[in-house]
Amino acid sequence: MRSSTRESLLFYAMILPFIAMFFAIKLVPFVNGIYLSFTNFAGYNLDRIRFTGLVNYQRVLQDNDAMVALLQTFKIGLITVPLTMVVGLMLALFLNRPIRGVGIYRTIAYIPSIVPAVAAGLLWRMIFDRNSGLINLLGSVLFQLAPVNWLGYDDVLKALVIMMLWGSGGNLLVNLAALKDIPAELYEAASIDGAGGVGKFWHITIPMISPILFFNLVLGIIGSLQLYGQAVLLAPGGNGVLNVPHRPIYTYLVHAYQQIFGMGRYGYGLAMIWILFIVINLMTFLVFKTSRLWVLNEDTVIRKSRKKKHEA
Amino acid sequence: MTKRLLTILVLISLVLATMAGCSSATPTVPGGDATSTPVPTVVDDKPVHLVIMVPELVSDTVIKEGFNKIYPNITYDCIIADYTKLMSMVAADNAPDVWSVGAFHTGIMYTARGLFLNLDEYVAKSELLKKDDFTDIEKLFMWDGQSIGKGSVYGIVKDWSLDTQLWLNKKVFADAGIPLPDTTKPITFTQLAEYATKMVKIEDGKQTRWGFAGGLTMEQLVMFQLGQMGKSLYNADYSTNFNTPEVKAILQYWVDLAKSGGCASALSAPADVVGVSTFMQDQVGIAMWGYWYSAYIKGNEEAKLRLEDFVFVQSPVMDGATNPGNSCIAGVGGAVFSRTDYPDAAWKFVEYYYGGPSADDRAKSGWGIPMLKSKVAMMPYETPFDKQVKDLNDLALTKVLPLTTNPYTNPGAVQAVFDKYFNQVLFDKMTLDECITKMDEDFKVMIDEGKEIVGVK
């Protein structure tokens, strides 16, 4: 057997377990989910399932609750994604300094992102409790503030944003790696040219870490559109995972979950999820398209230097 | 070791690891023999392995050993009852053989959808679960294709309570300066609101005590209150009857009570939301729980030292009620999945668990009123607390107000609809009229879909 053939066979053999798992766990349910979204599947009527065409998809677009939930999800994303990126970057800038005990601070900053989401949600639920929560306790003791109903209709969005900001350290590792990758000579040259801190930040740091910012932005958008657990955990209790969050945090996936496991509308819920998949792809595509305007990469550098050369 | 040999060894271990990962995906619960693969056979004396979904682990050695003395060929794994997990298993056509379900609503919902086995033939031959030993509560699991309470038996009620009864915390009454009412007579809903509002305690702007809490959902409360007035939330064909002055008045009652802080709600609630523990901690003065709660109190380390502080009374009564009474709106039972591969074996488990020695133990434990008449005499009656509770329960049983739910709706979905709109009323984001209209619309769609799935026009 030729060595190239042997190598190819070895390659396929090595990735065979992954391919098998991918088919079994991802692809088969993926395709099955698409099929079921075109049926009246209710969870237990597999023996009398009926193909319904695009009815479920049309229903999503006509479902006021679904559309309001989608808008609300966008709204939450518009708030949380930039905020978490900014806070994450600020944390990374602070922790990129050679300060004493920086390792401990980095660990503390990163820990929230590795706490399981359910545990974090329950923890924050207790912290936000109107009557016994830590935030109201500190507010009354330190600042004589009246208790706020953080989990109530009017303030629950703020509670959700605070909870999500707590996890901003999740991007710490990649942000730190990007910051450390910036050649020190650039800052030195800027200092020689008289640039101050802000100037260095805007003209060196941001452009140099823009690929990582782009990466965080894409993942942040995807994560915000898939928001579910945190919203349910902050919902008024009594119905477990079918708790209905207040409208300000009633997200699209919460509505989809309600449709599937609450109402038994599996086909409709799956159609909702596939529409979300399309929306996520569209948003990601738009971000990719705009990236050429603000993300520094090899192509951007070559293009700009050619432009300068041409102008010269 | 050559590179080639090392590569081969790595490949083998990867494949073995993948296979091991796949085979350990079966449910694992402590006490259960979970990793054994079911042996597919339906002959009586051949080994059969069942999967049972129950609210508590029925892998208790006593039950297993007792059951296996009679049926050594039948083994079982337990999965703790969880609605979402159950629905996922059903959707994957991998449902448990025996299910434990809420008797009042969930059970009949599954029955109407054809998910439970008709047990008439089994019951007719059973020595442990005899039809003439059934109390009326067993009607919750009877269905003739159109109506609840008639027709064939599709499940067995394990135990139940009159869930609309009340528990009064004497300490809270005293602290709030409210004389304890006559515990042999029911209080009215007006009195309930009055007491609950007086019991509210606010300290430094934070609520530390509520008047009323309980486990009933808003739909169940409305059904109960309407039932006392001779009305119903649903018509005979199970269509909705929401837009009535009575429904509005009842919902307004709860809105007012919630806004006054008198009852636990989305506006303000004790740490455990429904008062199941905070009642015993004197943070709730009146709790709506049934007979089963007496066992909960007796099992609490602190509460059991002060049982005299808690008194069991009848359900509250609507002013002008034509049918004052006490209702069951929960109960727990079990049924056999209609598409199980082992119907006979599954029935044997149901029969043993719901009618055998463990049923005696449950009756003696006080965790519920047994469904079987022959077990009722085993309910605890030793201590003064047991006697007060049982006597009051017996009094309440003389005035039972039977309620029936809607078999075409899903209880989780019903509560979600109420939460979605009613909570907005509490926060003044919606008027009550808008709330009722929207709930009515959502319910109509839910019921129509449910009827379509069941095949009823």
Side-chain angles (χ1 to χ4, degrees), chain A residues 6 10 13-18 20-21 24-25 29 36 40-48 65 126 129-133 136-137 139-141 144-149 151-154 235-247 250 257-266 268, chain B residues 7 10-11 14-15 17-19 21-22 82-84 87-88 90-91 93 95 110 113-115 202-208 215 217 264-274 339 409-420 423-424 426-429 442 445-446 449-450 452-453 455:
Chain A
R6 253 205 312 271
L10 184 64
M14 292 286 272
I15 67 166
L16 186 63
F18 164 76
M21 295 290 279
I25 293 170
L36 290 173
N40 68 337
F41 184 51
Y44 35 74
N45 59 341
L46 267 175
D47 54 338
R48 44 189 196 280
D65 283 341
M126 287 194 297
D129 187 84
R130 186 188 188 280
N131 299 307
S132 57
N136 280 343
L137 175 66
S140 82
V141 166
Q144 283 78 53
L145 294 172
V148 175
N149 191 0
L151 300 176
Y153 193 103
D154 294 317
N239 209 4
V241 290
L242 289 175
N243 280 341
V244 178
H246 290 302
R247 283 318 233 190
Y250 188 79
Y257 190 94
Q258 290 278 333
Q259 298 307 304
I260 293 173
F261 291 104
M263 308 289 180
R265 294 170 183 152
Y266 283 69
Y268 174 58
Chain B
T7 308
V10 167
L11 278 174
L14 277 172
V15 171
T18 309
M19 287 167 63
C22 290
D82 175 82
Y83 172 71
T84 312
M87 284 296 100
S88 304
V90 173
D93 210 16
Y110 292 139
R113 283 152 176 76
L115 292 168
I202 310 277
E203 290 168 330
D204 295 328
K206 291 185 281 256
Q207 186 163 2
T208 54
T217 63
S265 70
L267 288 170
S268 176
D272 61 357
V273 183
V274 292
R339 299 198 292 269
T409 60
N410 177 317
V414 163
Q415 187 171 344
V417 168
F418 266 87
D419 286 347
K420 195 162 77 168
N423 285 345
Q424 292 192 65
L426 293 181
F427 285 95
D428 297 321
K429 303 301 176 190
D442 278 14
V445 173
M446 212 191 319
E449 286 173 349
E452 194 203 327
I453 288 168

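Remember, predicted model here, so these are calculated numbers, not experimental data. Sequence lines set the chain letters: A, B, ... in the order given, protein chains first and strands last, and positions in each chain run from 1.
Contacts of B:V414 with chain A are absent, with no heavy-atom separation under 4.5 Å from either backbone or side chain. Both the backbone and the side chain of B:I453 have a heavy atom closer than 4.5 Å to some heavy atom of chain A. Only the side chain of B:Y83 has a heavy atom closer than 4.5 Å to any heavy atom of chain A. Of the atoms belonging to B:A95, not a single heavy atom falls under 4.5 Å from chain A. Neither the backbone nor the side chain of B:E203 comes within contact range of chain A; no heavy atom of the residue lies under 4.5 Å from a heavy atom of that chain.
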Between B:Q415 and A:V244, is a side chain to side chain contact (heavy atoms under 4.5 Å, CB included) present by the stated rule, with each step listed?
-> CA-CA 9 Å; B:Q415 187 171 344; A:V244 178; over 6 Å; no
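With contacts defined as side-chain heavy-atom distances shorter than 4.5 Å, the pair A:R265/B:E449 qualifies. Side-chain atoms of B:K420 and A:R247, non-hydrogen and from C-beta on, do get closer than 4.5 Å to each other. Side-chain atoms of A:H246 and B:N423, non-hydrogen and from C-beta on, do get closer than 4.5 Å to each other.
Using a distance-only test at 3.5 Å, with no hydrogens or angles considered, no donor-acceptor pair links the side chain of A:N131 to the main chain of B:T208. With A:N149 contributing its side chain and B:S268 its backbone, the two residues share no donor-acceptor pair below 3.5 Å. Checking side-chain atoms of A:Y153 against main-chain N and O of B:L426 turns up no donor-acceptor pair under 3.5 Å.
From A:I260, atom CD1 reaches atom OG1 of B:T84 across 11.0 Å, with rounding to the nearest 0.5 Å. For the atom pair NZ of B:K429 and CG of A:D154, the computed distance is 3.5 Å after rounding to the nearest 0.5 Å.
Ranked by heavy-atom pairs shorter than 4.5 Å toward chain B, the options A:F41, A:Y44, A:F261 are led by A:Y44. Heavy-atom pairs under 4.5 Å with chain A were tallied for B:V417, B:D204, B:D428, B:N410; the largest tally goes to B:N410.
Contact between A:R130 and B:G205 at its shortest, heavy atoms only, is NH1-O, 3.3 Å. Residue A:Y266 comes nearest to B:S88 through the heavy atom pair OH-N, 4.4 Å, listed as atom of the first residue, atom of the second, then distance. The nearest pair of heavy atoms linking A:G262 to B:A413 is O-CB, 3.0 Å.
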